[in-house]
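Data first, discussion second: the structure below is written as structure tokens.
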2 protein chains.
Amino acid sequence: MRELHHPKTNQLQLSAVLYALSDPTRLSVVRRLAKEGERACGTFDLPATKATLSHHFKVLRESGITHTRVEGIYRYISLRAEDLEARFPGLLQAVLKASKTR
Amino acid sequence: MRELHHPKTNQLQLSAVLYALSDPTRLSVVRRLAKEGERACGTFDLPATKATLSHHFKVLRESGITHTRVEGIYRYISLRAEDLEARFPGLLQAVLKASKTR
DNA sequence: GAATTATTTCGATGATCATCTAACAATTGA
DNA sequence: TCAATTGTTAGATGATCATCGAAATAATTC
């Protein structure tokens, strides 16, 4: 298995995080993770092909918003909520709250 | 003078706001406005041509982050801090705070 | 080992973006 | 009216992006 790259908490870039969150599909993923916790890649019901979703998961992971855990045939994605809170206090909660007011 | 378009507070789109803030040049503008208040377009000391800055000011205005006031030969830009707080509570403050930790 | 399942990667496409120069528009002051 | 100042707009360019289908990778099961 290839090693998956996860940036360290103190290396997270605000611009990259904001950019990642600015895409509606990726924000949907983040919301789902916040509400329901860790999920396998294939369990998001979103209007995009698996190739497109894989791309979005990569953007989220490389920006430091999510963590991907490989287990057998699956890849489980989770929010790096504590890391985000440590690096950018209040940001994730504000975005999640804002994302509810459509 | 042309009328400048400013979206209403309840129409602000989270995606557009996050996207606008994800650009380092635009974030610099927002930080300056937050710290020093209303400024004319030409008084930002940023490494870009006036055409490029004008583009960034437009993105900020159309996302609802800033307000542009025309006065004579100048255009004064200010943060719509109250509107942002009303629509997306805590978001601006979290971003501003995060932008200090390089 | 072959088939199945989950996901990534490759290669392509059309769209959007930041950036620039140059031209334009609007206001003010001489 | 002319010149100077401030800022926008037009048009172009190269880069990046979201998206897709198809091929590839990796793990599991038969």
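Side chains are part of it too, since the values below use all heavy atoms of this structure and drop only hydrogens, waters and symmetry mates.
Taking atom CG of residue D23(B) and atom C1' of nucleotide dT16(D), one finds them 13 Å apart after rounding to whole Å. The interatomic distance linking R69(B) (CZ) with dT8(D) (C1') rounds to 18 Å, in whole Å. To the nearest angstrom, P of dT9(C) lies 13 Å from NZ of K50(A). Counting to the nearest Å, the P atom of dT6(D) and the CD1 atom of I77(B) are 15 Å from each other. Atom pair K58(A):NZ and dT25(D):C1' shows a separation of 15 Å (rounding to whole Å applied). Atom-to-atom, CG of L4(A) to P of dA26(D) comes out at 12 Å; the value is rounded to the nearest Å. Rounded to whole Å, atom C1' of dA18(D) lies 6 Å from atom NE2 of H55(A). dC20(D) atom P lies 8 Å from atom CG of L53(A), rounded to whole Å.
In this structure, T49(B) reaches the dC20(C) phosphate: one of its side-chain N or O atoms is under 4.0 Å from OP1 or OP2. Residue H56(A) places at least one side-chain N or O closer than 4.0 Å to OP1 or OP2 of dT19(D). One finds a side-chain N or O of Y19(A) lying less than 4.0 angstrom from the OP1 or OP2 phosphate oxygen of dA18(D). Note on R26(B): a side-chain N or O is less than 4.0 Å away from OP1 or OP2 of dA18(C). Remark: R75(B) is in phosphate contact with dT8(D), judged by side-chain N or O atoms under 4.0 Å from OP1 or OP2. Using a 4.0 Å cut-off, some side-chain N or O of T52(B) falls inside it from OP1 or OP2 of dC20(C).
Side-chain contact, T25(B) with S28(B): no donor N or O sits under 3.5 Å from an acceptor N or O.
Nearest nucleotide to the C41(A) side chain, out of dG7(D), dT8(C), dA26(C): dT8(C). Distances were taken from every side-chain heavy atom of S54(B) (C-beta onward) to each of dT9(D), dC20(D), dA26(D); the shortest belongs to dT9(D). Minimum atom distance to the side chain of I73(A) is reached by dA26(D), of the listed dT8(C), dA26(D), dT19(D). Nearest to the side-chain atoms of T25(B) among the listed nucleotides dT19(D), dT5(D), dT19(C) stands dT19(C). Nearest nucleotide to the A51(B) side chain, out of dG21(D), dT21(C), dT8(D): dT21(C).
Between F57(B) and F44(B), the ring planes lie tilted relative to each other; the angle falls in the 30° to 60° range.
Between T68(A) atom OG1 and H6(A) atom NE2 the span is 4.5 Å, to the nearest 0.5 Å. Considering CD of Q93(B) and CG of L91(A), their distance stands at 12.0 Å, rounded to 0.5 Å.
Across the interface with DNA chain D, nearest-nucleotide mapping of V59(A) and G72(A) shows V59(A) to be the residue nearer the 5′ end.
For the residue pair R80(B) and L12(B), the shortest heavy atom distance occurs at NH1-CD2, 4.3 Å.
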